[in-house]
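Below you'll find the structure, written out as structure tokens, and then a few comments.
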Amino acid sequence: MENSPDAVTALSPRDWQSHPPYRCDGYQSTAGRSPLLPLVPLAAALGEMRQPVYGHDCVGKRDHDLTRNARRNGEPIGERMVLAGRVLDDQGRPVPHTLVEIWQANAAGRYVHKADRHNAPLDPNFLGAGRCLTDAEGRYRFVTIKPGAYPWGNHPNAWRPAHIHLSLFGRHFASRLVTQMYFPGDPLLAYDPIYLGTPAEARSRLVSDFSLDLTQAGIALGYRFDIVLRGAAQTPREHR
């Protein structure tokens, strides 16, 4: 019964010490979107609400492959990479058949978005967005292009480290997570207020691991990024 999809599983309290504050002095835009009044706790029954139901037919066969899902006249430009890992709950159990979405800049550090005015080229063969469902063991896998760094105007000479955004729904309304994944050894991490806004002891949970096992010989480098929804080892949410 415990593993039944209909079973009501108690959620561990969220570890707020692993998350950045809503308002961070180094990250300027948080001043305009952080709450000024104390948060209102959700009732326990609301916290146990199940995720929205997304039919398996809503995810296309190429949605997980960002090198193919927007291809028009050729291959996307940049370093191909595989991003894969497992989605786990607060007890270390896999979260099967849950929606994982990603979005990112292209290899030149530009998003396909009208608000992005960065003086860098768009890639007509790269949309920068994809999605997939985890399998029965909570595993997910994307094929994409390693994103480039880009300036973002937060402070003089401010550049965002290469990163990929991830959105997950999990099994419960209360396990909803939007976060970012960074790359190991990126020198820009030491200057990024969003990354530094996360408590020091939790920052490593936002950095992927290079994986030779995931690497495809002659095709793509591999990075592993496991995600924990809630609990003491949870993946910190994106600083919004």
Side-chain angles (χ1 to χ4, degrees), residues 20 24 26-33 60 62-85 100-132 140-167 178-198 203 206-211 214-216 218-225 236-240:
C24 183
Y27 185 9
Q28 293 182 8
S29 63
T30 61
R33 61 191 187 203
R62 292 187 177 183
D63 284 359
H64 74 288
D65 189 343
L66 281 68
T67 67
R68 300 176 65 199
N69 66 10
R71 186 185 299 177
R72 295 178 180 176
N73 301 312
E75 300 286 339
I77 298 172
E79 177 184 313
R80 289 182 182 82
M81 58 168 281
V82 173
L83 170 61
V100 182
E101 300 172 306
I102 67 171
W103 64 98
Q104 63 172 94
N106 64 19
R110 187 168 177 185
Y111 290 94
V112 181
H113 194 286
K114 63 182 180 181
D116 190 343
R117 301 299 182 183
H118 176 30
N119 185 21
L122 288 170
D123 187 339
N125 298 306
F126 188 73
L127 178 63
R131 58 184 183 168
C132 73
Y140 73 92
R141 182 178 181 275
F142 290 98
V143 181
T144 186
I145 298 295
K146 187 173 182 181
Y150 58 82
W152 63 304
N154 182 75
H155 54 276
N157 201 18
W159 289 78
R160 294 275 2 253
H163 61 279
I164 293 177
H165 299 267
L166 297 101
S167 165
V178 178
T179 190
Q180 296 183 14
M181 183 219 80
Y182 300 96
F183 293 86
D186 192 328
L188 289 174
L189 290 175
Y191 305 96
D192 185 61
I194 300 180
Y195 173 75
L196 296 176
T198 301
R203 289 174 195 160
L206 295 171
V207 181
S208 61
D209 294 314
F210 172 73
S211 173
L214 291 175
T215 295
Q216 296 182 330
I219 299 176
L221 297 180
Y223 295 88
R224 186 177 305 280
F225 189 63
R237 60 171 171 76
E238 177 187 4
H239 199 332
R240 299 186 68 79

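The two residues Leu188 and Ala149 come nearest to each other via the heavy atoms CD1-CB, 3.7 Å. When all heavy atoms are compared, the tightest approach of Pro151 to His118 is CD-CE1, 3.3 Å. Between Asn154 and Pro193, the shortest heavy-atom distance links the atoms ND2-CG, 3.7 Å. Shown here for Gly197 and Pro20, the closest heavy-atom pair between the two residues is O-CB, 3.1 Å. The minimum heavy-atom distance linking Arg141 with Gln216 is given by the pair NH2-NE2, 2.8 Å. Nearest heavy atoms, Ala162 versus Pro147: CB-O, 3.4 Å.
Side-chain atoms of Arg160 never come within 3.5 Å of backbone atoms of Asp192 as a donor-acceptor pair (strictly under, hydrogens ignored). Remark: the backbone N or O of Gly130 is not paired with any side-chain donor or acceptor of Asn69 at under 3.5 angstrom.
Two residues are said to be in side-chain contact when any heavy atoms from C-beta on lie closer than 4.5 Å; Glu75 and Arg80 meet this criterion. Contact check for His165 versus Tyr111: side-chain heavy atoms found under the 4.5 Å cut-off. Two residues are said to be in side-chain contact when any heavy atoms from C-beta on lie closer than 4.5 Å; Val100 and Ser167 fail this criterion. Two residues are said to be in side-chain contact when any heavy atoms from C-beta on lie closer than 4.5 Å; Phe142 and Leu66 meet this criterion. Looking at Ile145 and Glu79, their side chains never come closer than 4.5 Å, going by heavy atoms from C-beta outward. Proximity of Tyr191 to Trp159: side-chain heavy atoms (C-beta onward) are nowhere separated by under 4.5 Å. Looking only at side-chain heavy atoms (C-beta outward), Leu221 and Val82 stay at 4.5 Å or farther from each other. Annotation: side chain of Phe183 is in contact with side chain of Ile164 (closest heavy-atom distance under 4.5 Å).
By the 4.0 Å N-to-carboxylate-O rule, Arg131 lies close enough to Asp63 to be salt-bridged with it.
Distance CE/Met181 to CG/Leu83: 5.5 Å, rounded to 0.5 Å. Taking OG of Ser208 as the reference point, atom CE of Met81 lies at 6.5 Å (rounded to 0.5 Å). The CZ atom of Arg68 sits 13.0 Å away from the CG atom of Asn125 when rounded to the nearest 0.5 Å. For the atom pair CZ of Arg237 and OG1 of Thr198, the computed distance is 8.5 Å after rounding to the nearest 0.5 Å. Put simply, CG on Leu189 and CG on Leu206 are 9.5 Å apart, with the number rounded to the nearest 0.5 Å. In this structure, Leu166 CG and Gln180 CD are separated by 9.0 Å, a value rounded to the nearest 0.5 Å.
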Apply side-chain contact (heavy atoms from CB on, under 4.5 Å) to the pair Thr144 and Phe126, showing each step before the final yes or no.
CA-CA 9 Å; Thr144 186; Phe126 188 73; 3.7 Å; yes
Evaluate the criterion side-chain contact (heavy atoms from CB on, under 4.5 Å) for residue pair Leu127 and Trp103; output intermediate values, then yes/no.
CA-CA 9 Å; Leu127 178 63; Trp103 64 98; over 6 Å; no
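By the 30° and 60° cut-offs, the orientation of the rings of Tyr182 relative to Tyr195 is perpendicular.
Within 6.0 Å of CD1 on Ile77 lie no more than 12 heavy atoms contributed by other residues, nucleotides or ligands.
Ring centroids of His163 and Tyr150 are separated by less than 6.0 Å, placing the two rings close together.
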